[in-house]
2 protein chains.
Amino acid sequence: MRYAAGHKEATRARLLSAGGAVIKKNGFATTGVDSLMETVGLTGGAFYSHFSSKSDLLEAILARELNLTREMLTSKQDLPLEQWLSETLNRYLSFEHVKHPETGCPIPALSTEVARSDKAVKRAYEAMLGEIKNRLAKRIGQDAAWAAIAQCVGAVVIARAMASDASGKKVLASSRNFLKKALLKNK
Amino acid sequence: MRYAAGHKEATRARLLSAGGAVIKKNGFATTGVDSLMETVGLTGGAFYSHFSSKSDLLEAILARELNLTREMLTSKQDLPLEQWLSETLNRYLSFEHVKHPETGCPIPALSTEVARSDKAVKRAYEAMLGEIKNRLAKRIGQDAAWAAIAQCVGAVVIARAMASDASGKKVLASSRNFLKKALLKNK
DNA sequence: GTCTATAGGCTGATAGAC
DNA sequence: GTCTATCAGCCTATAGAC
């Protein structure tokens, strides 16, 4: 073998990381294999020694990215409820998050395309989302967990589609206010 | 002129209606001009006598579709709050809506692509969404209006990406429960 | 493990016939 | 107003050289 041991694994890891950023920003269907490979300094033909299809890549990227989201949402679980809630919501529902999909959560960026993908992709998505929900449910309950996820995702999706920054910020602020109030009251 | 007066307008109207259904189902970027024209029984070349670009079509479709959503959400404004809320939420957050994007609301189907479109498209989106929010705000208040829209959109987006029907239904039910409780309490 | 070359098919958009 | 023909460029995926 003319390449160091672990070379393939390293390339695959870079592909998941750099590729994930690109498709969160520009979309999965609209990003070609060639430009995906460019992000790791390789040419298109080499793609298929790492993944059997483009859809296979989406599945792997989703697993990785959703894992990161789960860690992020549950990293401060030892804080008191109100503080944990406030910090987590302020971070997820920030204008920074809206403006930078490439470093953000895959759910608002990729869900619509997951909905149009094959069963394997959807299964990866469903499994990870279920885990995220379970972790949140421990603190705020089952219904509230799904509702909070849905609302955060929807707010980011809508804020990103707005023409003006001001409108996007309004959507975020309303969702933050509403969720904090509702989640602390119903507890 | 070899075609009846109003023929062009009629073709354009059919294009907006049939095209809207197709792109809500299959996505805007992934649907070609040729297949868009097929839905109204014409060939690709004829597209450009109706719209100056594909993006121009998206703008027109959004205006039309969001107008329909607005009418739907506010059609039963004369009912008592609780009843209006319940009926509207049950309809928007239904499994039927999740399974049939082609006849459903454009916001969960197209927002992610609007976010990646040009300023004109985003302006059309922002203007119509603002109107929808204003109508809802009259009944439930400003923050709650944005929050409710965000949550409904997020729930449908997520439910559509789930592998199993059961998971999608859970997300919908949680959002329905949570929203009804929160909106009636905070009033 | 990555390369180049290639296949066959799709894209958005234009020109000119009818 | 719609047609066909055409452009250059992109797509996913494969074959075979190195």
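Owing to the predicted nature of the structure, the values given are computational and were not obtained by experimental measurement. The sequence lines fix the lettering, A, B, ..., with proteins before strands; numbering per chain opens at 1.
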Check your understanding: Which heavy atom of A:L36 sits nearest a heavy atom of A:G19, and at what distance?
Key -> CD1-CA, 3.9 Å

**Study point:** Whole angstrom value for the distance that separates C1' of C:dG12 from CZ of B:F51
**Key:** 15 Å

Review point. Atom CG of B:L36 to atom P of C:dC10: distance rounded to whole Å?
Key: 16 Å

**Study point:** CD-CG distance between A:Q151 and A:L183, expressed to the nearest 0.5 angstrom
**Key:** 8.5 Å

Exercise for review: Report the C-alpha distance between B:R64 and B:N67 in whole Å, list the side-chain angles of each, state the deciding distance to 0.1 Å, and finish with yes or no for side-chain hydrogen bond (donor to acceptor under 3.5 Å, both in side chains).
Suggested key: CA-CA 5 Å; B:R64 194 192 95 99; B:N67 199 49; over 6 Å; no

Review point. How does each nucleotide of nucleotides 11-17 of chain D score, in 5' to 3' order, for protein heavy atoms under 4.0 Å: base (B), sugar-phosphate only (S), or none (-)?
Key: SSBB---

Review point. Taking everything shown except B:E82 itself, do over 12 heavy atoms lie less than 6.0 Å from its CD?
Key: no

Check your understanding: So with a 6.0 Å cut-off around NZ of A:K180, is the heavy-atom count from everything else above 12?
Key -> yes

Revision key, fill the gap. Minimal heavy-atom distance between A:I158 and B:A150, with the atoms involved, is CD1-CA, 4.0 Å

Review point. Measuring from B:Y92:OH to B:T69:OG1, what's the distance to the nearest 0.5 Å?
Key: 6.5 Å

Practice item. For DNA chain D, find the residues of residues 10-19 of chain A with a heavy-atom distance under 4.0 Å and give them by number; none if there aren't any. Key: none

Review point. Taking atom P of C:dT2 as reference, at what distance in whole Å does atom CD of A:E38 sit?
Key: 16 Å

Exercise for review: May I ask you to evaluate whether B:T43 reaches the phosphate of D:dT4, defined as a side-chain N or O under 4.0 Å from OP1 or OP2?
Suggested key: yes

Revision key, fill the gap. Of the candidates C:dG1, C:dT2, D:dT2, the side chain of B:H7 sits closest to D:dT2

Review point. Where do A:R116 and B:I23 come nearest, in terms of heavy atoms and distance?
Key: NH2-O, 4.0 Å

